[in-house]
Colleague: 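Below is one structure. I have some questions about it.
The analysis underlying the following values was restricted to heavy atoms, covering all of them including side chains, and did not include hydrogens, waters or symmetry mates. Letters go in sequence order (proteins before strands), and every chain restarts at 1.
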Amino acid sequence: MTHAEALQQELARAARALGAPEGVAPVLERPRDPAFGDWATNLAMTLAKPLGRPPRAIAEALIAAMDAAAVGVAHAEIAGPGFINFRLDPGFQARGLLALLAHPEQWGRHNVGQGARVCVEFVSANPTGPLHVGHGRQAALGDAISTLLEWTGWQVDREFYYNDAGTQIHNLALSTQARLRERAGQPLAIPEGGYHGAYIREIADRYAEAHPDDAHGDDLEAVRRFAVAALRHEQDLDLQAFGVRFDTYYLESSLYADGRVARTVEALVASGHTYEEDGALFLRTTAFGDDKDRVMRKSAAKGGDYTYFVPDVAYHVTKWERGYRRAVNVQGADHHSTTTRVRAGLQALGLGIPEGYPDYVLHQMVTVMKGGEEVKISKRAGSYVTVRDLIDEVGRDAVRYFYLMRKGDSHLVFDVDLARSQSDENPVYYIQMAHARMCGIFRVGEVDPATVTGEGVDFARLAEPAEQELVRMLLDFPPLVRAAAQHLEPHRVAAWLLETARAAHTWYHRHHVLGEPEAITRARLVLARATQLGLAAGLRILGLSAPERM
RNA sequence: GCGCGUGUAGCUCAGUUGGAUAGAGCGUCGGCCUCCGGAGCCGAAGGUCGCAGGUUCGAGUCCUGCCACGCGCGCCA
């Protein structure tokens, strides 16, 4: 039990002694101004109504009823309308770091998921081009969210869904074919909705080399397979450069091949939620909250194909059948409309899948600034900045951090020139520097950090304000990880890292670890070690490296 | 027009599920290197939290209505 939980328990006990109703859950928070103390509670104000007494009087009674010493409270005072501010005994609070030193691999871990399996799907790009900066945001977000879930007790599988069937892929094949024929001296005829990027020409070149007997690309199916394979390989390289690994690659084409799409359609028809109109088959998605009903199978005049969301529903059925009782999909907000459709399809099937399945994390668009102006991202026009461009220019860690430092649902402006030119002043370097500095102390002091356990150390020596602040930040980490995972919001970890790094730099600058009286050096070595471990933990969640020197 | 999202310092963004005097980074201005790494530290200036109402002890946060911007609204994905 942490000291905060002990304090909460003691507050709850005192509240019941005053006649408060069962089940009061005192809320502790860090006061905005550290001068107010280490913890504050608004308990007295929330009890004002049920107890029918003024908040300040209740606060007084609460303080009197508490066994302050037992929970390390050195001082308690009433402030403002009825806040109670607690100042903790310095050593009592700092001893909370013992758990970090003893089991660093457990620090920040929780078991809310209780080992349940969850499928996190992200990136899921069409294999029609390299990964662009929008996919990069998804890769960073999805990977960090997966890690957060792992840290909080979920068994996570990272999954990439390849839309390797349908119109876009057909256009890809036709575009490649057009380039092949251009090579052979015919006029270029890229189809409507086709792809104009230079990489298509490269693929055509390679195809011609590998298939000397089909230099015109007459075998469209072979061209399609070749182009898809080539682009999947490109995307794999992009992801590798970014340090993102997937457990499963699920192919949309396999859903057709194994009959799942057909079976899903049959099941939906059997459910009675479909109807035919103008030769097309509709799903009555309006019965499940959609604006209008959606076409499942196009009319014969339009080709008679299934629309994209049918395999999407079949795909999500497999997630359920594969045992994922929870699924998280990370998508761009431009795909927002699919969420209702997929959920509607799953509900219509009546398989007992919960209404909110799957969870969606939608992120807003990324715009790229280069040379002072916006780069229009268009695969078809062939103008965009790839994830690999960014990584090459500013480094993997910086790219990841920039993607993750902002909330997913706010629009992201990625100024490439700025990111590159300011790389010296990047927040990620600031954070990594704090970590490296802690490592530097051990290097210079010739102390093996692994031997710093806190045993026999007088924690009351960590009494300087800068030290208390740093201790508070470090102790905030475990609950912060839980909250970030619960809300699927990695940016909270990014913000914590920056604040904690600042606290570490301030402390480092004001107080020396080495060369002080032995009792102080020993206590400060503990804090340095805890800071190093704590920062490393946060960096790890975001997929950033924690260098020992820079 | 409808749905979703956003609107907070010059710029880019946080804001601990409704708490105290709204914060950070960058930029600007002014200080600090015999020091465990100055890739750092300390300080200052800078705000009508888009606008108007409402809910209550208390609102950047919740509700309603407007305004602006982004995305979506296809038998495209």
Side-chain angles (χ1 to χ4, degrees), chain A residues 27-33 36 40-42 45-46 48-49 54-55 79-83 85 124 126 128 163 165-169 171 193 252 277-282 290-292 294-309 311-312 332-340 362-365 367 402 405-413 415 418 422-427 429-430 432-434 436-445 476 479-480 483 486-487 491-492 494-496 498-499 502 505-516 521 524 528 549-550:
Chain A
V27 174
L28 283 182
E29 54 187 16
R30 297 291 194 191
R32 187 161 285 151
D33 186 342
F36 290 141
T41 183
N42 63 350
M45 285 182 279
T46 62
K49 199 164 276 182
F83 290 100
N85 293 330
S124 294
N126 291 335
T128 54
N163 294 112
T167 315
Q168 308 279 16
I169 298 301
N171 285 336
E252 180 188 5
E277 193 176 287
D278 301 332
L281 182 66
F282 281 76
D290 204 352
D291 294 344
K292 53 192 202 177
R294 305 292 170 173
V295 172
M296 294 169 56
R297 193 180 56 229
K298 304 175 198 174
S299 61
K302 299 273 185 180
D305 295 328
Y306 297 118
T307 57
Y308 72 94
F309 96 92
D312 226 3
D334 55 337
H335 285 232
H336 172 258
S337 61
T338 68
T339 64
T340 315
L362 299 178
H363 64 84
Q364 292 298 312
M365 300 293 91
T367 52
F402 268 86
M405 67 193 295
R406 280 161 204 171
K407 219 167 28 176
D409 51 14
S410 68
H411 186 96
L412 179 69
V413 177
D415 188 327
L418 193 68
Q422 289 195 335
S423 62
D424 286 1
E425 293 149 1
N426 245 322
Y429 290 110
Y430 182 84
Q432 290 177 324
M433 182 63 192
R437 275 186 150 168
M438 297 303 118
C439 294
I441 293 170
F442 294 104
R443 208 158 44 232
V444 171
D476 277 348
L480 175 117
Q486 184 192 337
H487 292 92
H491 78 275
R492 298 183 187 222
W496 177 87
L498 193 60
E499 279 180 53
R502 179 175 21 261
H505 282 304
T506 298
W507 172 63
Y508 177 90
H509 188 262
R510 284 191 194 163
H511 308 292
H512 268 232
V513 174
L514 305 174
E516 299 290 319
T521 289
R524 289 183 178 168
R549 54 171 63 198
M550 300 183 68

Colleague: Measure the distance between the ring centre of F83(A) and the centre of the six-membered base ring of rG19(B), then answer whether it is under 5.5 Å with planes under 30°.
Modeller: no
Colleague: Picking from rC73(B), rA77(B), rC42(B), which would you name as closest to the side chain of H335(A)?
Modeller: rA77(B)
Colleague: Rounded to whole Å, please give me the gap between CZ in R510(A) and P in rG38(B).
Modeller: 16 Å
Colleague: Just compare rC75(B), rA20(B), rG37(B) and give me whichever is closest to any side-chain atom of M433(A).
Modeller: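 That would be rG37(B).
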Colleague: Take the protein atom OH of Y508(A) and the nucleotide atom C1' of rC33(B), then report the distance between them rounded to whole Å.
Modeller: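 Checked: the OH to C1' distance equals 13 Å.
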Colleague: From the options rG5(B), rG19(B), rC71(B), select the nucleotide whose nearest atom is closest to the side chain of Q364(A).
Modeller: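 Closest of the options to the side chain of Q364(A): rG5(B).
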Colleague: Could you check whether R492(A) gets within reach of a base, just the sugar-phosphate, or nothing at all, counting any heavy atom under 4.0 Å?
Modeller: nothing
Colleague: Does the aromatic ring of H512(A) sit over the six-membered base ring of rC36(B), closer than 5.5 Å centre to centre and tilted less than 30°?
Modeller: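 Stack criterion met.
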Colleague: The side chain of R549(A) lies closest to which of these nucleotides: rG19(B), rG37(B), rC75(B)?
Modeller: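 Among the listed nucleotides, the one closest to the side chain of R549(A) is rG37(B).
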Colleague: Specify the residue among S410(A) and G303(A) whose closest nucleotide of RNA chain B lies further upstream toward the 5′ end.
Modeller: S410(A)
Colleague: Test your reading of the model: is there a side-chain donor-acceptor pair from H505(A) to the backbone of Y430(A), 3.5 Å cut-off?
Modeller: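 Here the side-chain-to-backbone pair exists.
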Colleague: Verify the neighbour count for atom CZ of R549(A): are there more than 12 heavy atoms of other residues, nucleotides or ligands below 6.0 Å?
Modeller: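 No, not enclosed.
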Colleague: Using only side-chain N and O atoms of K292(A), determine if any of them is under 4.0 Å from OP1 or OP2 of rG3(B).
Modeller: no
Colleague: Would you kindly give the CD-to-P distance between E499(A) and rG23(B), to the nearest whole Å?
Modeller: 12 Å
Colleague: rC75(B), OP1 or OP2 - any side-chain N/O from T307(A) closer than 4.0 Å?
Modeller: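 It does not, given that no N or O in the side chain of T307(A) lies less than 4.0 Å from OP1 or OP2 of rC75(B).
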Colleague: Return whichever of M45(A) or K302(A) has its heavy-atom-nearest nucleotide of RNA chain B closer to the 5' end.
Modeller: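 With M45(A) and K302(A) compared, the 5'-side residue is M45(A).
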Colleague: Can you name the residues that form a salt bridge (charged side-chain N to carboxylate O under 4.0 Å, His left out) with R492(A), not counting sequence neighbours?
Modeller: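 For R492(A), the residues satisfying salt bridge (charged side-chain N to carboxylate O under 4.0 Å, His left out) (neighbours in sequence not counted) are E489(A).
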Colleague: Using whole Å, what does the distance between atom P of nucleotide rG23(B) and atom CZ of R30(A) come to?
Modeller: 18 Å
Colleague: Suppose you measure atom P in rG10(B) against the same atom in rU48(B); what distance do you get, rounded to whole Å?
Modeller: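 8 Å, rounded to whole Å.
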Colleague: Taking the side chain of T167(A) as heavy atoms from C-beta outward, which of rC75(B), rC76(B), rG72(B) is closest to it?
Modeller: rC76(B)
Colleague: Looking only at side-chain atoms of L498(A), point me to the closest of rA39(B), rC13(B), rA24(B).
Modeller: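 From the listed options, rA24(B) comes nearest.
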Colleague: Side-chain donor or acceptor of D334(A) under 3.5 Å from a matching atom on the base of rG72(B)?
Modeller: no
Colleague: In whole angstroms, how far is the C1' atom of rA77(B) from the CG atom of D305(A)?
Modeller: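 Whole-Å distance recorded here is 13 Å.
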Colleague: Identify whether any heavy atom of G445(A) sits under 4.0 Å from a base atom; if not, whether one sits that close to sugar-phosphate; answer base, sugar-phosphate or nothing.
Modeller: nothing
Colleague: If you look at every heavy atom in H335(A) and T338(A), which pair is closest and at what distance?
Modeller: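 Closest approach of H335(A) to T338(A), heavy atoms only: O-OG1, 2.8 Å.
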Colleague: Roughly, in whole Å, what's the span from CG in L412(A) to C1' in rA14(B)?
Modeller: 14 Å
Colleague: Is there a donor and acceptor pair closer than 3.5 Å between the side chain of N42(A) and the base of rA20(B)?
Modeller: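 Flag unset: no donor-acceptor pair detected.
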Colleague: Would you call F36(A) stacked on rA20(B), i.e. ring centres under 5.5 Å apart with the planes less than 30° off parallel?
Modeller: yes
Colleague: Hey, does the side chain of R524(A) come within less than 4.0 Å of rC36(B)'s phosphate (OP1/OP2), counting only N and O?
Modeller: no
Colleague: For rG74(B) and R294(A) - does any side-chain N or O of the residue sit under 4.0 Å from the phosphate oxygens OP1/OP2?
Modeller: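 For R294(A), the contact criterion (side-chain N or O under 4.0 Å from OP1 or OP2 of rG74(B)) is not met.
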Colleague: Check the chi torsion on rC33(B) and let me know: syn if it falls within 90° of 0, anti if not.
Modeller: syn
Colleague: Taking only the side-chain heavy atoms of M550(A) (C-beta and beyond), determine which of rC75(B), rA39(B), rG72(B) contains the nearest atom.
Modeller: rA39(B)
Colleague: How many Å lie between CG on L28(A) and C1' on rA20(B), as a whole number?
Modeller: 16 Å
Colleague: In whole angstroms, how far is the P atom of rG72(B) from the CZ atom of F309(A)?
Modeller: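 Taking atom P of rG72(B) as the reference, CZ of F309(A) is at 19 Å.
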Colleague: Is it the case that the base of rA39(B) and the side chain of Y429(A) share a donor-acceptor contact (distance under 3.5 Å, atom types as modelled)?
Modeller: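 There is none.
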Colleague: Is any side-chain nitrogen or oxygen of Y430(A) closer than 4.0 Å to OP1 or OP2 of rC41(B)?
Modeller: yes
Colleague: Would you mind telling me which of rC75(B), rG37(B), rC71(B) lies closest to the side-chain atoms of M365(A)?
Modeller: rC71(B)
Colleague: Which of the following nucleotides, rC41(B), rC75(B), rC76(B), is nearest to the side chain of H509(A)?
Modeller: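 The answer is rC41(B), which lies nearest to the side chain.
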Colleague: Considering just the side-chain nitrogens and oxygens of K407(A), establish if one lies under 4.0 Å of OP1 or OP2 belonging to rG15(B).
Modeller: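 Looking at the OP1 and OP2 atoms of rG15(B), one of them is under 4.0 Å from a side-chain N or O of K407(A).
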Colleague: Nearest to the side chain of K298(A), which nucleotide is it out of rC76(B), rC13(B), rC42(B)?
Modeller: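 Of the candidates, rC76(B) comes closest.
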